[in-house]
Amino acid sequence: MSKPIILQVGPYPAWDQEPLDQAFDVKRLFEADDRAAFLARVGPDVQAIATRGELGADAAMIAACPNLRLISVYGVGYDAVDLDAARAAGVAVTNTPDVLTQDVADLGVAMMLCQSRGMIGAAAWVRDGSWARDGLYPLQRRVFGRKAGILGLGRIGFEVGKRLAGFDMEIAYSDVAAKDYAPDWEFINDPVALAARSDFLFVTLAASAETRHIVGADVIKALGPEGMVINISRASNIDEEALIAALADGTLGSAALDVFEGEPALDPRFLQLDNVLLQPHHASGTIETRQAMGKLVRDNLTAHFAGQPLLTPVT
Ligand code: 8YV
């Protein structure tokens, strides 16, 4: 029996590629020199797309695949999938929620600690001989007991909060409504007001057109010269121009970022700033989580082709 034909948008680790190649006839878009010509050639045969969170599937890709019925996303974020185009074409979308929540929260909290305690600079202080030559490393700011704001108290935001509670931080959050699963944390409707009372602002919102630049110049100014923003969601949730300007002139104290507009080709001005911790979009990047994400991508594809209910459909 012939295998179902799927379009693979970006590479996966070998432990995912091998089972994918076994189960499906995989057309690798990312290996094509001319993507448009490749899509025009294979598109009519494609029955499903396997993509990654940050790569998604745009309207042109969906239109090039008239027999497409499923887009299986390797990632919890599906903002890069044109959901309207998918819906109009009768294409279901799945993502990989839950399996990555803990690791993403871990990295966000690690970034806060690393940046607040100056660990990158401190490591260089040891390695370059400054410690032996100049003595003690400049004092840094504590995390314990300070005020954390969480913008978006979904699965990841909630796990961030649980970890911050372990540092006896005063926790508040913004979301569309107060959450009954967080009775001990203060609900502050307005992101500007949340930032104004916070030392650390975690951005943990699912990105959408509505949340674009929700962290704008007003939120950044409210966070202030002693404040830190930590972004483990999507770059589009922050106005990057306003962020870079505020980091450069000291209106904002510091930032810890795992995501960037146009990544991996981030704005070169970030590289000139010493008050920002830069991470290569790897909050879910542990072996354990990536294996679980890959399995869920395949399990959704398998369920679809077996005529069974999808495991994690985007509704
Ligand atoms: C991944 C992500 O880094 O889950 C998401 O939305 O962006 C990440 O987990 C990405 O999808 C891996 O390619």
Side-chain angles (χ1 to χ4, degrees), residues 76-79 101 104-105 107-109 111-112 115-116 141 143 145-165 167 169-261 267 270 273 275-277 279 281 283:
V76 67
Y78 47 84
D79 50 300
T101 303
V104 175
L107 193 88
V109 174
M111 285 160 67
M112 171 189 69
Q115 183 70 333
S116 196
R141 295 304 307 270
V143 160
R146 293 179 73 204
K147 290 183 174 157
I150 304 173
L151 187 52
L153 202 72
R155 283 175 283 236
I156 293 170
F158 183 62
E159 287 300 322
V160 167
K162 278 167 59 183
R163 284 155 178 72
L164 301 182
F167 298 114
M169 298 182 86
E170 287 179 43
I171 301 167
Y173 67 96
S174 291
D175 208 310
V176 287
K179 304 291 180 188
D180 55 9
Y181 51 77
D184 298 337
W185 305 340
E186 187 185 358
F187 172 63
I188 300 177
N189 194 27
D190 174 26
V192 177
L194 180 75
R197 56 69 72 193
S198 297
D199 299 306
F200 303 95
L201 182 69
F202 285 83
V203 186
T204 49
L205 288 162
S208 67
E210 289 72 42
T211 67
R212 184 174 166 73
H213 291 186
I214 187 167
V215 177
D218 50 353
V219 172
I220 291 168
K221 186 159 177 274
L223 198 50
E226 298 290 322
M228 181 192 301
V229 65
I230 300 112
N231 192 4
I232 46 173
S233 59
R234 283 290 186 267
S236 64
N237 284 331
I238 299 187
D239 180 344
E240 240 181 39
E241 277 299 322
L243 178 66
I244 291 171
L247 287 168
D249 70 14
T251 314
L252 177 66
S254 62
L257 308 172
D258 188 45
V259 286
F260 304 87
E261 292 288 0
D267 190 314
F270 277 124
L273 295 167
N275 52 351
V276 58
L277 174 67
Q279 294 287 290
H281 195 157

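Closest non-hydrogen pair, Met169 versus Ala148, comes out as CE-CB, 4.0 Å. Listed here is the closest heavy atom pair of Ala255 and Leu243: CB-CD1, 4.4 Å. The shortest heavy-atom contact between Thr211 and Ser208 is OG1-N, 2.9 Å. Contact detail for Leu201 and Ala195: the closest heavy-atom pair is CD2-CB, 4.4 Å. In this structure, Gly250 and Pro225 approach most closely via the heavy-atom pair O-CB, 3.3 Å. Closest heavy-atom contact between Ala172 and Arg197: CB-CZ, 3.5 Å.
Pairs passing the salt bridge (Lys or Arg N to Asp or Glu O under 4.0 Å) check and including a residue from residues 229-245, sequence neighbours excluded, read Asp79-Arg234, Glu241-Arg269.
No donor-acceptor pair closer than 3.5 Å links the side chain of Asn231 to the backbone N or O of Leu257. The main-chain N or O of Arg141 is found under 3.5 Å from a side-chain atom of Ser116 such that the two form a donor-acceptor pair. Side-chain atoms of Asp258 come within 3.5 Å of backbone atoms of His281 as a donor-acceptor pair (strictly under, hydrogens ignored). Checking side-chain atoms of Ser174 against main-chain N and O of Ile188 turns up a donor-acceptor pair under 3.5 Å. Judged purely by atom type and a 3.5 angstrom limit, Gln115 uses its side chain to pair as donor or acceptor with the backbone of Asn275. No donor-acceptor distance shorter than 3.5 angstrom exists from the side chain of Thr101 to the backbone of Ile156, with no hydrogens or angles considered. Thr204 places a side-chain N or O within 3.5 Å of a backbone atom of Leu151 that can act as its donor or acceptor partner.
Side-chain contact between Lys147 and Phe200 is absent, with no heavy-atom pair separated by less than 4.5 Å. The shortest distance between side-chain heavy atoms of Pro191 and Ile214 falls below 4.5 Å. A 4.5 Å side-chain heavy-atom check between Ser236 and His213 finds every atom pair outside the cut-off. Here the side chains of Asp267 and Glu261 are not in contact, with every heavy-atom distance at 4.5 Å or above. Side-chain atoms of Met228 and Leu223, non-hydrogen and from C-beta on, never get closer than 4.5 Å to each other. At a threshold of 4.5 Å between non-hydrogen side-chain atoms, the residues Glu226 and Asp199 do not count as touching. Put simply, the side chain of Phe167 reaches to within 4.5 Å of the side chain of Val109, judged on heavy atoms. Counting heavy atoms from C-beta on, the side chains of Ile232 and Val203 never come closer than 4.5 Å.
When the options Val259, Val219, Val215 are evaluated for a side chain to side chain contact (heavy atoms under 4.5 Å, CB included) with Ile238, the one that passes is Val215. Among the candidates Trp185, Tyr173, Phe158, the single residue satisfying the side chain to side chain contact (heavy atoms under 4.5 Å, CB included) test with Lys179 is Tyr173.
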Quiz prompt | Criterion side-chain contact (heavy atoms from CB on, under 4.5 Å) on Ile244 and Leu247, from CA distance to verdict | solution = CA-CA 5 Å; Ile244 291 171; Leu247 287 168; 5.6 Å; no
Self-check item: Stepwise side-chain contact (heavy atoms from CB on, under 4.5 Å) check, Ile220 with Val229
Solution: CA-CA 8 Å; Ile220 291 168; Val229 65; over 6 Å; no
Exercise. Would you please test Leu153 and Tyr181 for side-chain contact (heavy atoms from CB on, under 4.5 Å) and show each step?
Key: CA-CA 10 Å; Leu153 202 72; Tyr181 51 77; 4.0 Å; yes
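The pair Glu159-Arg163 meets the salt-bridge criterion, with a side-chain N (NZ, NE, NH1 or NH2) lying under 4.0 Å from an Asp/Glu carboxylate O.
Atom CD1 in Ile150 sits 11.0 Å away from atom CG in Leu205 (nearest 0.5 Å). Considering CZ of Phe202 and CD1 of Ile171, their distance stands at 9.5 Å, rounded to 0.5 Å. One distance of note links OG1 of Thr251 with NZ of Lys221; it measures 8.5 Å at 0.5 Å rounding. The CD1 atom of Ile230 sits 12.0 Å away from atom CD of Gln279, with the distance rounded to the nearest 0.5 Å.
Using the six-membered ring where Trp is involved, Phe260 and Phe270 have ring planes that are perpendicular, over 60° apart on the 30 and 60° scheme.
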